[in-house]
Protein chains: 2
Amino acid sequence: VSRSGNPKQFLSFFSGETLLQSTARRCTTDRFSPPIISTGEEQRFFVARQLDEAGIEPAAILLEAVSRNTAPAIAIAAQWCLAAECDDPLLVMPSDHLIHDVPAFHAAVFAGLPHAEDGSLVVFGVPPTSPHTGFGYIKTAATETQAVRDVVSFTEKPDSERANEFLEEGGYLWNAGVFLFRPSAFLAELRRFAPEMAVVVGESMKCPDLDGKFVRPDQVSFDKAPAISIDRAVMEKTDRAKVVPMDAGWSDIGSWESLYRELPHDSAGNSISGNVFTTDVRDSIIRSDGDQAIGVIGLSGVACIVTSDAVLLTSLDRAQEVAMVVDNLRARGDSRADEPAKVFRPWGSYEVMDKGEKFQTKRIVVSPGSSLSLQRHRHRSEHWVVVNGTAEVTVGSDVKVLRSGESTYIPAGTAHRLKNPTDRPLHLVEVQCGDYLGEDDIVRLDDVYGRR
Amino acid sequence: VSRSGNPKQFLSFFSGETLLQSTARRCTTDRFSPPIISTGEEQRFFVARQLDEAGIEPAAILLEAVSRNTAPAIAIAAQWCLAAECDDPLLVMPSDHLIHDVPAFHAAVFAGLPHAEDGSLVVFGVPPTSPHTGFGYIKTAATETQAVRDVVSFTEKPDSERANEFLEEGGYLWNAGVFLFRPSAFLAELRRFAPEMAVVVGESMKCPDLDGKFVRPDQVSFDKAPAISIDRAVMEKTDRAKVVPMDAGWSDIGSWESLYRELPHDSAGNSISGNVFTTDVRDSIIRSDGDQAIGVIGLSGVACIVTSDAVLLTSLDRAQEVAMVVDNLRARGDSRADEPAKVFRPWGSYEVMDKGEKFQTKRIVVSPGSSLSLQRHRHRSEHWVVVNGTAEVTVGSDVKVLRSGESTYIPAGTAHRLKNPTDRPLHLVEVQCGDYLGEDDIVRLDDVYGRR
């Protein structure tokens, strides 16, 4: 369901809101300033659209041309704040985690606030409920009752034996990747422990490219930053760390098992969505995103997840091993390893519904008022059938309007553009024919989104 | 995978041949006459094409307009033999069973032959390997060593307790539904025990409709025949039954579990086909007929069967409960209960690949030299894109030739015909648009296959 090309922060598992939207909404009271979003160049339209849909106006969307892990990303955000002459504490949150109890989250944040204001680097720690080997552990020097504790040490993903020892010993918290500190305080520690990174990040933000809300650091400088996490670069080394316990219904939704635990269950302990029939199924998650009917008989503790291009079937307690499937697909050069079945674009979305020898069929949705680039394909011809809505199509020098049930043909090599001039979504079926049908057979002649 | 609209005798699970083809091929030595096939009117093109593909020329294909179970079907075949002045023993075989050991099967048949020639009704019985409750049991008056035994009694599908008793007691055989008798001997017993049926079947075959190899009994008479099995109507009552043990690797392939047992397994005990990745999966059958990638992790003893329109996931030992899924679909009016994803027609096949609001997309294959009926739809328009091959299309009074990458449009209400004039298969994508897209929106104006 989630792929590197459409990661889970952009998906909705609860309440209709995506994880990104829920994360942004968590901090919309008047005690918070508008959010700064750090994301990749490729994801900028998703982020902008999702915030827009949620009615949340960001202060800035910081774009990385290449991913460099959390330390450089956070450093850029800190630089951006200082450049805007703001040194208020910066609350850093991953956008793909779940927090059920927002008041408890706020209580933790505001318990940490005075310490952040005094120059500490505050990290929030989740009371562990199992010897999970996928998280970092923070050892605290504290009794259970203290709201803010000193940090003794950080341990990245321990093995199972050590994780069990941590739980027995007590005083350990899971590192939730949530931080609170003044930008100046963080950058000072960065200069102390990762001086080269501090220099190149500082250079990259001297003259950033400003494009509306989009802010691009200078790429040549940013490229020099090492890819390293904030934990490794700063938190494990600094003596200014404080930790605040945060018992707020947190989950990283790192696997179908952890998602299963967060979802509501029926009386048989199942979480079911889509066109599903079950007999004697217990403690399982069954989910279909498409039209396929799913019948399940006589199983318990399984995840069965069906998309239009893939089926995942796993014992729930081994759901984290899905990486095996992804690695296998990638090793075969199968685009499903990274690309979602439904691909989102600034103008809408497309989904391949059928693929055969020398042809493929796509379902295309163009958002109201949106337009694809003026483009040309060398190797494929295209047939567009409007199935719902109204399209304005340009083929060569002709411009015409197509309504439901009407179609047009675009020969290979001919410049064309597709536009939805209405205020309702436009649905098309596209049949592509040709010897080569890769997405990279595209020459963009003119793009309202500035893509090449 | 199998549906009432495409039952398992037309499918291939082993060796590339369908079960029907394997059944017919089982009796192609010079000791057998050409086969007579009994089937439904709806299935006649499947049967004819599959026999043709296997290079087997049937003596006749007897067509029932309505299904009346095995007794009337076999009675019609017996009548047809007598009308052809042939009273040689008739070997009756279901077309959807598997027999691995054909020489052992032949040995059993020829052991029974002298008895059939002497006027006995010979039934073949499989030595039971489990207290299966889905089969009929034949009690024999015999020691194990006798090749041909007398029948003591028949018991239809016993409960689990009785089946266990049968196995302990010994001398019972499963009724495999395979029979050998002279047509005159069978009809004599039918007149004794089911005289009304004998009369109406006799009347229906006085003047059958002959259409090449297709033979249609008079429908008005045949409709009066009660729907009853040969076991109930004759075998349980006659005193002329003999049973021949048949230990020939027989399976009725009645569930995914019994199919799993017959298929070859890898070293982990799995039978896998399609685009499948597994980790720690054992004793399971995983099968994908389409393009979806399947990942399976940490399970054993399951069946996971994926078609383009459905997913079945079951504990192998409960695979026979798939009827629950079918019943649920049927109760909802879902055509997947009966119609296969890929629908075969006399001219080729079609498969719905995408279905949305007011449209659907089909992949159509037209066999070399074949032609669809001249037809018209009231509620839908159609767009045809030739993706491979060459089509001759008639739209209204226009006739034109379309090649790969070319398309045409058929407005609602316009008469049209699609033809493949070449000797290679023709592949099209059809996009249908309209408020109603049911298969029954068709007016056939002229059909080479005589359909209305």
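Letters A, B, ... are given to chains in the order of the sequence lines, protein chains preceding strands, and every chain is numbered from 1. As the structure is a prediction and not an experimental result, all values here were calculated from the model.
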A:Ser370/A:Lys419 under side-chain hydrogen bond (donor to acceptor under 3.5 Å, both in side chains): CA gap, chis, key distance, verdict: CA-CA 6 Å; A:Ser370 288; A:Lys419 188 174 169 180; over 6 Å; no

A:Arg287 vs A:Asp289, salt bridge (charged side-chain N to carboxylate O under 4.0 Å, His left out): CA-CA, chis, key distance, verdict: CA-CA 7 Å; A:Arg287 176 182 164 127; A:Asp289 284 354; 3.2 Å; yes

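Test B:Thr314, B:Leu263, B:Val1 against B:Trp256 for side chain to side chain contact (heavy atoms under 4.5 Å, CB included) and you get one pass: B:Val1.
Residue A:Ser2 comes nearest to A:Lys8 through the heavy atom pair CB-N, 3.8 Å, listed as atom of the first residue, atom of the second, then distance. In plain terms, the two heavy atoms of A:Ser315 and B:Gly298 that are nearest each other are CB-O, 3.2 Å. The shortest non-hydrogen separation linking A:Pro340 to A:Asn6 is CG-CB, 3.5 Å. Listed here is the closest heavy atom pair of A:Arg3 and A:Thr307: NH2-OG1, 3.5 Å.
For A:Glu382, no part lies near chain B; criterion is any non-hydrogen pair under 4.5 Å. The part of B:Val386 that comes within reach of chain A is its backbone (N, CA, C, O), which places non-hydrogen atoms under 4.5 angstrom from that chain. At a 4.5 Å heavy-atom cutoff, the contact between A:Asp334 and chain B is made by side-chain atoms alone. When heavy atoms are compared at a cutoff of 4.5 Å, B:Glu351 does not approach chain A at all. The part of A:Thr361 that comes within reach of chain B is its side chain, from C-beta onward, which places non-hydrogen atoms under 4.5 angstrom from that chain. Both the backbone and the side chain of A:Val296 have a heavy atom closer than 4.5 Å to some heavy atom of chain B. When heavy atoms are compared at a cutoff of 4.5 Å, A:Thr278 approaches chain B solely by way of its backbone atoms N, CA, C and O. Both the backbone and the side chain of B:Arg318 come within contact range of chain A, judged by heavy atoms closer than 4.5 Å. Residue B:Arg380: no heavy atom, backbone or side chain, is found under 4.5 Å from chain A. Looking at B:Ser407, the atoms closer than 4.5 Å to chain A (heavy atoms on both sides) sit in the backbone and in the side chain alike. Neither the backbone nor the side chain of B:Ser404 comes within contact range of chain A, judged by heavy atoms closer than 4.5 Å. For B:Asn388, the part sitting under 4.5 Å from any heavy atom of chain A is the side chain, from C-beta outward, and nothing else. Contact of A:Leu329 with chain B is made through backbone and side chain together, with heavy-atom distances under 4.5 Å.
Using cut-offs of 30° and 60° on the angle between ring planes, the pair A:His377 and A:His416 is tilted. By the 30° and 60° cut-offs, the orientation of the rings of B:Tyr409 relative to B:His383 is tilted.
Interface remark: of the candidates A:Val311, A:Val276, A:Asp280, A:Ile286, A:Val311 forms the most heavy-atom pairs closer than 4.5 Å to chain B. If you tally non-hydrogen atom pairs under 4.5 Å between each of B:Leu299, B:Asn275, B:Val325 and chain A, the highest count goes to B:Leu299. Among the candidates A:Val429, A:Asn328, A:Leu313, A:Asp309, the residue making the largest number of heavy-atom pairs closer than 4.5 Å to chain B is A:Leu313. Options A:Arg332, A:Lys355, A:Glu406, A:Gln432 differ in how many heavy-atom pairs under 4.5 Å they form with chain B, and the most are formed by A:Arg332. Counting heavy-atom pairs closer than 4.5 Å to chain A, the top residue among B:Ala310, B:Ala303, B:Ser381 is B:Ala310. The choice from A:Gly301, A:Gly295, A:Cys433 that makes the most heavy-atom pairs within less than 4.5 Å of chain B is A:Gly295. By number of non-hydrogen pairs under 4.5 angstrom with chain B, the leading residue of A:Ser288, A:Cys304, A:Ser308 is A:Ser308. Heavy-atom pairs under 4.5 Å with chain A peak, among B:Val302, B:Val322, B:Leu312, at B:Leu312. Looking only at heavy-atom pairs under 4.5 Å with chain A, the residue among B:Val281, B:Ile305, B:Thr279, B:Asp317 that has the most is B:Thr279.
Residues A:Phe359 and B:His427 place their aromatic rings such that the two centres sit no closer than 6.0 Å.
The environment of A:Arg330 atom CZ is dense: over 12 non-hydrogen atoms of other residues, nucleotides or ligands sit within 6.0 angstrom.
Under a 4.0 Å N-O distance rule, the pair B:Glu439/B:Lys362 qualifies as a salt bridge. A salt bridge is defined here as a Lys NZ or Arg NE, NH1 or NH2 lying under 4.0 Å from an Asp or Glu carboxylate O, and A:Lys358 with A:Asp435 meets this definition.
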